[in-house]
Protein chains: 2
Amino acid sequence: MNALLLVAHGSRLEQSNDEVSLLSDKLRASCHDDYTIVRTGFLELATPSIPDGIEQCISDGATRITVLPYFLNSGRHVVEDVPEIVADVSKQHPDIEIVVAPHLGASSLMVDLLIDSAKQVSSIG
Amino acid sequence: MNALLLVAHGSRLEQSNDEVSLLSDKLRASCHDDYTIVRTGFLELATPSIPDGIEQCISDGATRITVLPYFLNSGRHVVEDVPEIVADVSKQHPDIEIVVAPHLGASSLMVDLLIDSAKQVSSIG
C-alpha cells in the first residue's frame, strides 16, 4: 500500500501549518489512485514530526512511503536534515520501502506555476 | 513595459540562491511575451535586495512591476515583510504600478506539481 508523506518545515504561525494540512487534504483527494494514504510531517515547530508521520503511515498499512519535501530550494533541510531523519527511521523498518522525492523547485512544472501565480495579483500602489 | 521580480528569501548556501537565479532565467525564456523584464530580489542573506531589484526593473524601463514571492506559505515574510518593503519603495515611484502576486502554495497548480514531484523519487532504504 502506497503512502505519501508531505514534509514541511513547520512554522510558529498556525495559519502556515494549516495551509500544509489543507494542501495535504487536496492531495489526498487528487491522488487516491496512486497513494492510498496521505499524511503530513513537520521538520520542526509543529506536529506530527517526520518520524511520527512515517510511523502513522506504517500503522495505516503502508508498505511503500514517498516522502515529499515541501521545500523550494535544495538548502540544508532538503540536502541533509530530511534525508538523515528518514534514513534513521528507515533502519527501524527494513521491510518498508521509503523513498524521498526532490524539492519542489526542481519540478519542470514550477515555471508554469510561477507564471500562473504572477497573474493572480493584487495592487499595492 | 511589464517586469516580473522573483522575490526569494535568500540563503547562506550559494547553491540555493543560484537555483533562484536559474529559475529566473527559465522564467525569462518562458514569459517574454508578457514580461519584458525578469529579475530577482532577495529578502535577506543575498543580493540584490528587493528594493535594488525593483530599482533595476525601473532602470530597465519597467512601468509595471509584478512582485512574485517565491514562498510556499503565507507566513510573516509573505504577509508582512515583502508587502511592507514593496510599499516603501512604491512611495518613491508613484508613477510605477507595483503589484504583489500570492505565495506559491495558493496556486491551483500546486497539487499537480506535488504529484509530479512525488514521482521523481530516489530510494533511501
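Bear in mind the structure is a predicted one, so any value in this text is a computation, not a measurement.
Comparing T66(A), N73(A), V79(A), D112(A) by how many heavy-atom pairs each has under 4.5 Å with chain B, the most go to N73(A). Chain A forms more heavy-atom pairs under 4.5 Å with one residue of V111(B), L13(B), L72(B) than with any other, namely L72(B). Ranking K26(B), R12(B), E19(B), H93(B) against chain A, the residue ahead of the rest is E19(B), based on heavy-atom pairs under 4.5 Å. For the options S107(B), S74(B), P69(B), heavy-atom pairs under 4.5 Å to chain A are most numerous at S74(B).
At a 4.5 Å heavy-atom cutoff, N17(B) makes no contact with chain A through either its backbone or its side chain. Heavy atoms of L113(B) lying under 4.5 Å from chain A belong to its backbone as well as its side chain. At a 4.5 Å heavy-atom cutoff, L22(B) makes no contact with chain A through either its backbone or its side chain. Only the side chain of L4(B) comes within contact range of chain A, with at least one heavy atom under 4.5 Å from a heavy atom of that chain. R64(B) touches chain A through its side chain: at least one heavy atom from C-beta onward sits under 4.5 Å away, while N, CA, C and O do not. For chain A, the nearby part of Y35(B) is the side chain; its heavy atoms alone come within less than 4.5 Å.
Hydrophobic clustering (ILVMFWY, side-chain heavy atoms < 4.5 Å, transitive): I37(A) and V89(A) are in distinct clusters. In the hydrophobic clustering of this structure, V67(A) groups with F71(A); members are Ile, Leu, Val, Met, Phe, Trp, Tyr whose side-chain heavy atoms approach within less than 4.5 Å, directly or through other members. L5(A) and L27(A) fall into different hydrophobic clusters, where Ile, Leu, Val, Met, Phe, Trp and Tyr side chains are chained together by heavy-atom contacts under 4.5 Å. The cluster map of Ile, Leu, Val, Met, Phe, Trp and Tyr, joined by side-chain heavy atoms under 4.5 Å apart, puts L6(B) and M110(B) in the same cluster. Under the 4.5 Å side-chain heavy-atom criterion for ILVMFWY residues, a single connected hydrophobic cluster contains both V38(A) and I115(B).
Nearest approach of A101(B) to A118(A), heavy atoms of both residues: CB-CA, 3.9 Å.
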side-chain contact (heavy atoms from CB on, under 4.5 Å) between V100(B) and V121(A), intermediate numbers included: CA-CA 6 Å; V100(B) 179; V121(A) 294; over 6 Å; no
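Taking CG of L68(A) as the start and CD of Q120(B) as the end, the distance is 11.0 Å to the nearest 0.5 Å. To the nearest 0.5 Å, atom NE2 of residue H77(B) and atom OG of residue S16(A) are 10.0 Å apart. Separating the SG atom in C31(A) from the CG atom in L114(B) is a distance of 9.0 Å, to the nearest 0.5 Å.
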